There are 2 protein chains.
Amino acid sequence: MDSTCEPYGYDAFRRTCPSHAVLEMLSSKWVYLTVSALRHGRMRNGELARKLEGITPKMLTQTLRVLERDGLVRRQVFPVIPPHVEYELTALGQDLAGLLDQIRSWSERHVPEIRNARLIAERGREVA
Amino acid sequence: MDSTCEPYGYDAFRRTCPSHAVLEMLSSKWVYLTVSALRHGRMRNGELARKLEGITPKMLTQTLRVLERDGLVRRQVFPVIPPHVEYELTALGQDLAGLLDQIRSWSERHVPEIRNARLIAERGREVA
DNA sequence: CTGTATCCAGGGTGATACTG
DNA sequence: CAGTATCACCCTGGATACAG
C-alpha cells in the first residue's frame, strides 16, 4: 500500500496519494468562494448565503461541512432562539485562504484576456 | 445587463460576472495538474498522460482543449508520422501556473493536518 | 434563522474500443 | 502516437418544501 507515496513524499500527481484527494476537495468553486469570503472574519450562515450569490442552502451547508471536517473552518453555535451560528477560518484555513483568494483575484483580473482568447478560438473554428 | 459587473469591476462572488465562470473553469483537479505539469516546459500528449496518473484520454484532451481555448496553453502539431504534438503554457498560463502550483504544493504539505482533522471529526460522530 | 429532507435533471467522468 | 466515438453511470448540484 503506497497510499502515502512514501518513500518519496507526497505527490498529488499520483491518484493513490492522499494529497490527490485534498486537491480534489479544493477543486470546487464554492470552496474557493466560501474560504475567500471568510477571509476577513467570521460570518453567519445568512451572511454567507447572501455573499455567495446563487448558492443553494444545500450546497452552502455541504461545503461548510466539508471544510469543517477537514479542519479549515470552525463552526460555533449560539444556543439561542432564533438560532445563531458563526463560521470562521482556522489557522490552517487562513493559511489556505491566502492562496485561494489569489486565484479568485486572478480570475477577476484576467477576464479580458481570456474572453479575447475565446473570441479568437471561435473565429478559428468558423474558418474551419 | 450587468454581466460585466460594472461599474464596480469584476466580482467572482456574483454568478453573472464572467470572472465567476473563469473561477469555475479553474475548479478542476485536472486543470490544476495539467497546468502544474506543464510548468517546467513543453510536453507531449503521452508524457502528460503518464504524468497525470489515472487520467483518461478523453479527459486529457478535453482539459487541454479548454486550456487552449482560454489562452493558457499553446498546442503545436508536427506533421509527421507517427503524429507528434507538443503542449506548452502561454505567458498567461505561466502566470497562472505559479498560483495553481502553490495550491498543489499546499495539498501535499498539509495532508497530515487534514487527515488528523478528519480522524477527530469521525471520533466526534461516533460519540454522538 | 439555520438548516434538513426529497426529488430530479443533467452532465461530468470513466471505461472501452476504435481511427488516421 | 494522438486522439475520437460511444455508452453508461454515478452523483453532483439545483429547486423546493419543510422542520426545530
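Bear in mind the structure is a predicted one, so any value in this text is a computation, not a measurement.
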Got a donor-acceptor contact below 3.5 angstrom from the B:S19 side chain to the A:E108 backbone? no
Rounded to the nearest angstrom, tell me the gap between atom CD in B:Q76 and atom P in D:dA2. 13 Å
In numerical order, the residues of residues 38-63 of chain A whose heavy atoms come under 4.0 Å of DNA chain C are A:R44, A:N45, A:G46, A:P57, A:K58, A:T61
Quick check: on DNA chain C, is the nucleotide nearest B:P83 upstream (toward 5') of the one nearest A:V85, or the reverse? Name the residue that is more 5'. A:V85
Give one of base, sugar-phosphate or nothing for B:F78, where a contact means two heavy atoms less than 4.0 Å apart. nothing
d(CZ, B:R75; C1', D:dC1) in whole Å: 12 Å
Output yes when at least one side-chain N/O atom of A:R65 is less than 4.0 Å from OP1 or OP2 of C:dT2, else no. no
Which atom of B:L99 lies closest to which atom of A:Q102, heavy atoms considered: CD2-OE1, 3.0 Å
Could you check how far CD of A:E86 sits from P of C:dG3, rounded to whole Å? 11 Å
Applying the side chain to side chain contact (heavy atoms under 4.5 Å, CB included) criterion to A:L89, which one of A:T34, A:L72, A:V35 satisfies it? A:V35
Once you measure the plane-to-plane angle for A:F78 and A:H84, does it fall in the parallel (<30°), tilted (30-60°) or perpendicular (>60°) bin? perpendicular
So, A:R118 and A:E122, do they make that salt bridge, N to O below 4.0 Å? no
Using whole Å, report how far NZ of B:K29 lies from P of C:dG12. 15 Å
In a table with atom names and distances, give each donor-acceptor pair under 3.5 Å that connects a side chain of residues 57-65 of chain B to protein atoms at least two apart or in another chain.
{"unit_1": "B:T61", "atom_1": "OG1", "unit_2": "B:P57", "atom_2": "O", "d": "3.2"}
{"unit_1": "B:T63", "atom_1": "OG1", "unit_2": "B:M59", "atom_2": "O", "d": "2.7"}
{"unit_1": "B:R65", "atom_1": "NH1", "unit_2": "B:Y87", "atom_2": "OH", "d": "3.4"}

Starting at atom CD1 of A:I81, determine the distance to atom P of C:dG3, rounded to an integer number of angstrom. 15 Å
Of the listed nucleotides (C:dG14, D:dG3, D:dG14), which one gets closest to any side-chain atom of B:Y87? D:dG3
